[in-house]
There are 2 protein chains.
Amino acid sequence: MANSSARPPRSDRRRNHERLLAVATDLIACDGAGVSLEEIARRAGVGSATLHRHFPSRRALLEEVFHEGVERLCGRARELGRDDPGTGLATWLEELTLYTTNNRGLATSLMSGAGELPPEDTCHGMLLDAADDLVARAVEAGVARPGVSAADLIVLTNAISLATEGDPATAGRLLRLALEGVHP
Amino acid sequence: MANSSARPPRSDRRRNHERLLAVATDLIACDGAGVSLEEIARRAGVGSATLHRHFPSRRALLEEVFHEGVERLCGRARELGRDDPGTGLATWLEELTLYTTNNRGLATSLMSGAGELPPEDTCHGMLLDAADDLVARAVEAGVARPGVSAADLIVLTNAISLATEGDPATAGRLLRLALEGVHP
DNA sequence: ACAATAAATGGGGTGGTGCTCCGTTTGACC
DNA sequence: GGTCAAACGGAGCACCACCCCATTTATTGT
């Protein structure tokens with residue numbers, strides 16, 4: 001499937017990619033996802049054209065920045081699904097909310113499901129897959145109503161993080177509210 | 001309280017204010033809250049300085065654009081609180097969500113509660129007041145758990161609108177999910 | 001070791017933005 | 001009408017995303 005005639009990337013390319021990613025991670029963590037791309041390039045010591053060559057859109061950059069953390073969250077979902085089908089979903093959603101709330105910009109990155117990148121190694125796709133399984137188990141265990149979909153839950157936690165960005169306490173409270181419901 | 005020595009605004013000021021507001025309303029409705037302020041000024045036929053003189057921040061502009069609709073929603077809250085304390089809250093939240101989802105940008109405008117403007121004629125403040133009463137009646141009627149606060153509910157609906165912007169169907173579904181809860 | 005070559009780079013240009021001076025116009029009031 | 005503060009608008013500033021193209025650099029074959 002992959003074009004095997006492609007030569008491995010040059011060493012300077014790899015080096016710059018790493019540098020950009022590292023700087024972007026730092027800057028996004030402290031200033032949010034709206035940070036200036038020029039600034040990232042500047043601090044990484046590369047021209048702005050190089051940044052745009054490596055990451056054709058802000059979205060693409062964010063996807064790579066958060067890839068590792070999202071992968072960890074997916075692993076955690078598998079773990080919880082295996083060990084604790086009962087409260088696993090709730091626990092995972094709480095962890096997800098905490099992560100997206102603390103990583104200003106992930107929520108933004110998750111927003112638009114469809115993009116120009118490959119279908120299912122976007123953060124959104126990865127989390128969706130992980131959640132699907134967890135939700136199925138939860139419904140099976142009778143701790144989640146049959147109607148709920150993983151997609152909706154992802155969007156909901158995403159929404160909460162987006163609106164409470166930087167305030168984990170409120171985010172957690174809203175998530176629990178949504179899980180328990182407003183009606184008694 | 002208000003400085004009564006202030007002269008009434010000049011006619012051209014009033015005219016420009018109206019024009020700007022009208023153009024902004026149209027443009028925001030079709031392009032979202034991020035629309036270019038320059039563009040608004042251009043289409044209103046005024047210099048960009050004039051726009052900034054009338055609305056010192058984007059936030060201030062959004063507040064005025066949505067003021068009327070928000071006031072209507074507040075009236076509706078009083079109405080529902082009076083007539084139907086039972087399902088009034090749920091109905092109102094649904095209407096609120098529908099409105100904020102259809103008016104791209106209101107959610108953005110509601111986000112930051114505290115600003116540089118007067119405390120309680122911001123959209124956020126107005127809705128908060130209206131919701132407070134409605135929530136109190138709902139708790140009293142036993143249809144809402146005692147823990148829930150109006151502020152949290154506003155943020156929650158706001159979050160949903162923000163994350164589903166432009167998709168009322170999803171927004172409604174998520175709201176109902178949050179009202180009923182994930183657990184059975 | 002070195003030449004050939006494609007890959008990768010970065011400076012500078014373009015067109016856009018939000019915002020602010022400051023000289024000029026204009027409406028209101030006598 | 002004349003006066004004067006109120007209001008205006010264009011030009012200017014700093015910043016941004018994004019792109020073009022001449023130049024540099026890593027790799028590979030000899």
Side-chain angles (χ1 to χ4, degrees), chain A residues 2-24 27-28 30-65 104-105 108-109 111-112 115-117, chain B residues 2-24 27-28 30-65 104-105 108-109 111-112 115-117:
Chain A
N3 187 356
S4 57
S5 75
R7 281 204 268 172
R10 255 165 57 168
S11 61
D12 52 346
R13 179 173 184 82
R14 252 180 301 131
R15 199 169 42 86
N16 283 335
H17 201 84
E18 257 175 46
R19 278 164 107 104
L20 282 168
L21 224 40
V23 171
L27 236 40
I28 287 171
C30 90
D31 293 347
V35 78
S36 155
L37 300 181
E38 298 287 324
E39 179 69 13
I40 294 174
R42 220 173 292 133
R43 293 213 196 181
V46 305
S48 60
T50 297
L51 183 146
H52 284 99
R53 225 174 279 117
H54 282 256
F55 307 99
S57 68
R58 168 171 253 113
R59 176 86 199 285
L61 174 61
L62 293 174
E63 286 285 347
E64 278 203 47
V65 164
R104 314 179 39 149
T108 314
S109 163
M111 289 254 334
S112 55
E116 63 284 348
L117 353 171
Chain B
N3 188 354
S4 57
S5 76
R7 281 203 266 173
R10 258 165 55 171
S11 61
D12 52 347
R13 179 172 183 81
R14 251 180 302 131
R15 197 166 44 84
N16 283 336
H17 201 84
E18 258 175 45
R19 278 164 105 104
L20 282 168
L21 224 41
V23 170
L27 236 41
I28 287 171
C30 90
D31 294 347
V35 78
S36 156
L37 300 182
E38 298 287 324
E39 179 69 13
I40 293 174
R42 220 173 291 135
R43 294 213 195 180
V46 304
S48 61
T50 296
L51 183 145
H52 289 283
R53 227 175 276 119
H54 282 258
F55 308 99
S57 68
R58 168 172 253 113
R59 176 85 199 285
L61 175 60
L62 293 174
E63 286 285 348
E64 278 203 47
V65 163
R104 314 179 40 149
T108 314
S109 163
M111 288 254 334
S112 54
E116 63 283 350
L117 352 171

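All chains are named by letter (A, B, ...) in the order of the sequence lines, taking the proteins before the strands, and each is independently numbered beginning at 1.
If you check dT20(C), dT26(C), dC29(C) against the side chain of Arg10(B), the one that comes closest is dT26(C). Comparing dG10(C), dT9(C), dG12(C) against the side chain of His54(A) picks out dT9(C) as the nearest. The side chain of Leu37(B) lies closest to dG18(C), out of dG27(C), dG10(C), dG18(C).
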Problem - From CA spacing to verdict: side-chain contact (heavy atoms from CB on, under 4.5 Å), Leu62(A), Arg59(A) - result: CA-CA 5 Å; Leu62(A) 293 174; Arg59(A) 176 86 199 285; 5.7 Å; no
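Of the side-chain N and O atoms in Arg13(B), none sit less than 4.0 angstrom from OP1 or OP2 of dA6(D). OP1 or OP2 of dG11(C) has not a single side-chain nitrogen or oxygen of Ser48(A) nearer than 4.0 Å. Contact check, Asn16(B) against dA7(D): no side-chain N or O comes under 4.0 Å of OP1 or OP2. Checking the phosphate oxygens (OP1, OP2) of dA8(C), no side-chain nitrogen or oxygen of Arg53(A) falls inside 4.0 Å. Between Ser36(B) and dG18(C), a side-chain N or O to OP1/OP2 separation shorter than 4.0 Å is present. One finds a side-chain N or O of Arg42(B) lying less than 4.0 angstrom from the OP1 or OP2 phosphate oxygen of dT17(C). Taking 4.0 angstrom as the limit, Thr50(B) places a side-chain polar atom (N or O) nearer than this to OP1 or OP2 of dG9(D).
Here Arg58(A) lies in heavy-atom contact (under 4.0 Å) with sugar-phosphate atoms only. Contacts of His17(A) with the nucleic acid, taken as non-hydrogen atoms under 4.0 Å apart, are absent.
Whole-Å rounding puts the Arg7(A) CZ to dA6(C) C1' distance at 6 Å. If you take CD of Glu39(A) and P of dC15(D), they are 10 Å apart, rounded to a whole angstrom. What separates CG of Leu51(A) from P of dG12(C) is a distance of 19 Å, to the nearest Å. Between the CG atom of Asp31(B) and the P atom of dT17(C) there is a distance of 12 Å, given to the nearest Å. dA11(D) atom C1' lies 12 Å from atom CD of Glu38(B), rounded to whole Å. For the pair Arg19(A) CZ and dA8(C) C1', the interatomic distance rounds to 15 Å; values are reported in whole Å. Atom CZ of Arg15(B) and atom P of dA28(C) are 10 Å apart (whole Å). In this structure, Leu27(B) atom CG and dT17(C) atom P are separated by 11 Å, rounded to whole Å.
Under the 4.0 Å criterion applied to side-chain N and carboxylate O atoms, Glu18(B) and Arg15(B) are not assigned as salt-bridge partners.
Both Gly34(B) and Pro8(B) sit near DNA chain C, but only Gly34(B) has its closest nucleotide nearer the 5' end. Across the interface with DNA chain C, nearest-nucleotide mapping of Asp12(A) and Arg14(B) shows Asp12(A) to be the residue nearer the 5′ end.
Side-chain contact check for His54(B) and Glu64(B): no donor-acceptor pair (N or O, by modelled atom type) lies under 3.5 Å.
Taking each heavy atom of Ala41(A) and Ser48(A) in turn, the nearest pair found is CB-CA, 3.9 Å.
Checked against Leu51(B) for a side-chain contact (heavy atoms from CB on, under 4.5 Å), the options Ile40(B), Asn16(B), Val23(B) give a single hit: Ile40(B).
Counting heavy atoms from C-beta on, the side chains of Leu20(B) and Leu61(B) never come closer than 4.5 Å.
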